[in-house]
Amino acid sequence: MKNLKTHLKPVACALLAVFVIGGAGLALYPSSTQAADDKKAEAPKPALTVTTTKPSAARLPIKLAANGNVAAWQEASVSSQSTGLRLAEVRVNVGDVVKAGDVLAVFSAETVEADLAQSKAALLEAEANAADAVANAARARTLQNSGALSAQQLSQYATAEQTANARIASAKAALASQQLRLKYTKVVAPDSGIISSRGATVGAVIGSGTELFRMIRQGRLEWRAEVVAADLRNLKVGTGAVVKAANGSEVKGKVRMIAPTVDTQTRSALVYVDLPEDAGSKDAPFKAGMFASGQFELGTSDAMTVPQQAIVVRDGFSFVFRLNANQHVSQIKVQPGRRLGDRIEVLGGLTADTQVVVRGAGFLNDGDLVSNVADTAPAAKLAAK
């Protein structure tokens with residue numbers, strides 16, 4: 001038994017040594033693995049993969065926005081020139097297109113025709129009396145040197161002749177007056193245009209000067225834009241404008257006149273823009289009295305543009321993200337300007353070689369590390385235009 005213990009003791013010592021060495025090895029292995037993991041954790045990771053592009057130069061239109069009302073170029077008031085006559089017929093209504101000389105309404109003419117016949121008879125009577133007076137005066141003049149008639153009688157015959165001629169002239173004037181009254185029983189259009197209002201009612205007895213119709217002369221409309229005094233220097237007669245109706249329809253016009261005065265309350269002046277001839281047609285989108293917005297076309301100018309997606313709005317301000325050489329981004333405050341399709345003009349803050357983040361800009365913060373993929377398609381597309 002003693003010998004067995006003696007033989008087992010070296011074996012036990014050997015096993016203990018193996019366990020100690022193995023445990024030390026296991027203790028050392030986890031330490032080296034953890035160090036490697038910590039080293040990997042310390043390596044920075046990009047916050048986002050983005051695309052970038054450079055600002056592009058472009059020629060953008062210069063426009064001046066304004067608001068105003070659409071109004072008739074000129075309105076004509078068609079009134080009655082007859083007194084005490086009954087309106088027998090009305091031939092037009094609001095919206096009708098008429099030509100100069102078209103009959104709009106007709107008054108009852110029986111009374112006028114009777115007065116006209118009486119004036120014609122009075123003229124015939126005056127002409128007959130005048131013929132007799134002229135004959136008597138002629139005979140008196142043949143006896144002037146014979147002494148058969150006194151100077152007074154000769155003067156009476158001459159006066160009677162002149163009076164008879166004056167009565168003819170008076171009868172002719174009365175006849176012409178009645179003819180005018182007959183003419184005025186038909187109310188005609190003074191010009192071509194569109195009937196904009198109607199006050200005529202069949203059967204009414206209307207006095208002279210009463211407005212029967214109002215019409216838009218030649219169907220022409222104009223846009224009366226309100227422009228502040230500081231911008232008037234940029235406008236001149238002939239400047240083009242694009243006017244937009246309430247339903248979205250757009251037409252092009254030209255400045256006809258700039259008002260010579262500025263309103264003392266609003267400090268703005270009216271700019272009169274002629275609209276196309278068909279703008280005032282019956283089915284046209286523009287109507288007199290409606291509100292319209294528009295823009296005056298003042299030419300073009302050079303501009304630096306970036307894609308709309310590159311502009312980030314935060315707290316009421318506009319920013320872009322510049323990609324630096326170290327792959328970190330910097331937030332730059334910019335002022336947006338005009339638009340051209342899906343691109344926006346940037347006023348200051350950028351240079352032509354600045355790398356601007358496009359896709360992913362809305363998810364970045366100042367100083368973020370990103371992975372960049374260049375995107376030059378928008379610039380190429382703009383250059384192709």
Side-chain angles (χ1 to χ4, degrees), residues 50-68 223 225-244 248-255 258 268 271 273 292-325 328-366 370 372-385:
V50 299
T51 60
T52 61
T53 187
K54 293 182 180 180
S56 299
R59 295 285 296 179
L60 297 185
I62 304 174
K63 296 184 178 181
L64 174 63
N67 297 318
W223 178 48
E226 297 180 2
V227 179
V228 295
D231 293 328
L232 290 177
R233 59 189 177 88
N234 298 321
L235 300 176
K236 61 182 180 179
V237 175
T239 300
V242 178
V243 186
K244 187 175 183 179
S249 301
E250 293 184 352
V251 297
K252 292 186 177 181
K254 289 186 178 181
V255 174
I258 300 174
S268 61
V271 178
V273 177
S293 60
Q295 293 181 327
F296 294 96
E297 299 174 339
L298 306 180
T300 59
S301 65
D302 293 328
M304 184 177 295
T305 66
V306 297
Q308 180 179 353
Q309 192 176 358
I311 302 292
V312 179
V313 179
R314 293 176 179 172
D315 299 328
F317 298 99
S318 298
F319 301 92
V320 298
F321 286 91
R322 180 186 63 200
L323 180 64
N324 302 320
H328 288 265
V329 295
S330 298
Q331 181 175 276
I332 301 176
K333 184 179 179 181
V334 296
Q335 181 181 353
R338 295 164 289 177
R339 289 177 177 268
L340 179 63
D342 60 348
R343 300 186 70 85
I344 299 179
E345 177 187 16
V346 175
L347 304 175
L350 299 178
T351 59
D353 58 351
T354 302
Q355 287 285 346
V356 178
V357 176
V358 181
R359 188 173 304 144
F363 302 99
L364 296 177
N365 293 312
D366 190 24
V370 298
N372 174 36
V373 178
D375 182 12
T376 58
K381 183 179 179 180
L382 182 65
K385 291 183 178 180

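Hydrogens, waters and symmetry mates play no part in the numbers below; they use all other heavy atoms, side chains included. This is a predicted model, so every value here is computed, not measured. If you read the sequence from its start, that first residue is 1, and numbering goes on from there.
- Residues Val329 and Asn324 share a closest heavy-atom pair of C-ND2, 4.0 Å.
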**OP:** Assess whether side-chain contact (heavy atoms from CB on, under 4.5 Å) is satisfied between Val242 and Lys244, documenting all intermediate values.
**Re:** CA-CA 7 Å; Val242 178; Lys244 187 175 183 179; 6.0 Å; no
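- Arg314 and Ala361 make their closest contact through NH2-O, 4.0 Å (heavy atoms, listed as atom of the first residue, atom of the second, distance).
- When atom types are taken as modelled, the side chain of Trp223 and the backbone of Val243 share no donor-acceptor pair closer than 3.5 angstrom.
- When side chains are defined from C-beta on, Leu60 counts as touching Thr305, because their heavy atoms get closer than 4.5 Å.
- The CG atom of Leu323 sits 12.0 Å away from atom OG1 of Thr53, with the distance rounded to the nearest 0.5 Å.
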**OP:** Decide yes or no on side-chain contact (heavy atoms from CB on, under 4.5 Å) for Val312 and Ser318, but give the supporting numbers first.
**Re:** CA-CA 6 Å; Val312 179; Ser318 298; over 6 Å; no
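- The salt bridge (Lys or Arg N to Asp or Glu O under 4.0 Å) contacts involving residues 292-307 comprise Arg59-Asp302, where partners must be two or more places apart or lie in separate chains.
- The two residues Pro336 and Val334 make their nearest non-hydrogen contact at CD-O, 3.8 Å.
- Residues Ala66 and Glu226 share a closest heavy-atom pair of CB-O, 3.8 Å.
- Between Val271 and Phe296, the closest side-chain pair of non-hydrogen atoms falls below 4.5 Å.
- A heavy-atom distance below 4.5 Å is found between the side chains of Ile311 and Val306.
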Would you tabulate the side-chain donor-acceptor contacts of residues 227-241 under 3.5 Å, counting partners in other chains and residues two or more places apart, or write 'none'?
{"residue": "Arg233", "atom": "NE", "partner": "Ala230", "partner atom": "O", "Å": "3.4"}
{"residue": "Thr239", "atom": "OG1", "partner": "Lys236", "partner atom": "N", "Å": "3.2"}
{"residue": "Thr239", "atom": "OG1", "partner": "Lys236", "partner atom": "O", "Å": "2.8"}

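- Residues that satisfy the side chain to side chain donor-acceptor pair (under 3.5 Å) test with Asn365, not counting sequence neighbours, are absent from this structure.
- In this structure, CG on Leu347 lies 5.0 Å from CD on Gln335, to the nearest 0.5 angstrom.
- The shortest distance between side-chain heavy atoms of Val346 and Met304 does not fall below 4.5 Å.
- Separation of atoms CZ (Arg338) and CD1 (Ile62) is listed at 5.5 Å; rounding is to 0.5 Å.
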Subject >> Evaluation steps, side-chain contact (heavy atoms from CB on, under 4.5 Å), between Lys54 and Gln355 >> reply: CA-CA 5 Å; Lys54 293 182 180 180; Gln355 287 285 346; 3.2 Å; yes
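- In terms of heavy atoms, Ala303 sits closest to Glu345 at CB-OE2, 3.5 Å.
- Taking 4.5 Å as the limit, every side-chain heavy atom of Arg359 sits out of range of all side-chain heavy atoms of Val50.
- In this structure, the separation between NZ on Lys333 and CZ on Phe319 is 6.0 Å, given to the nearest 0.5 Å.
- Nearest heavy-atom pair across Phe321 and Gln331 is CZ-OE1, 3.4 Å.
- Here the CD atom belonging to Gln308 is positioned 7.0 Å from the CG atom belonging to Asp342, to the nearest 0.5 angstrom.
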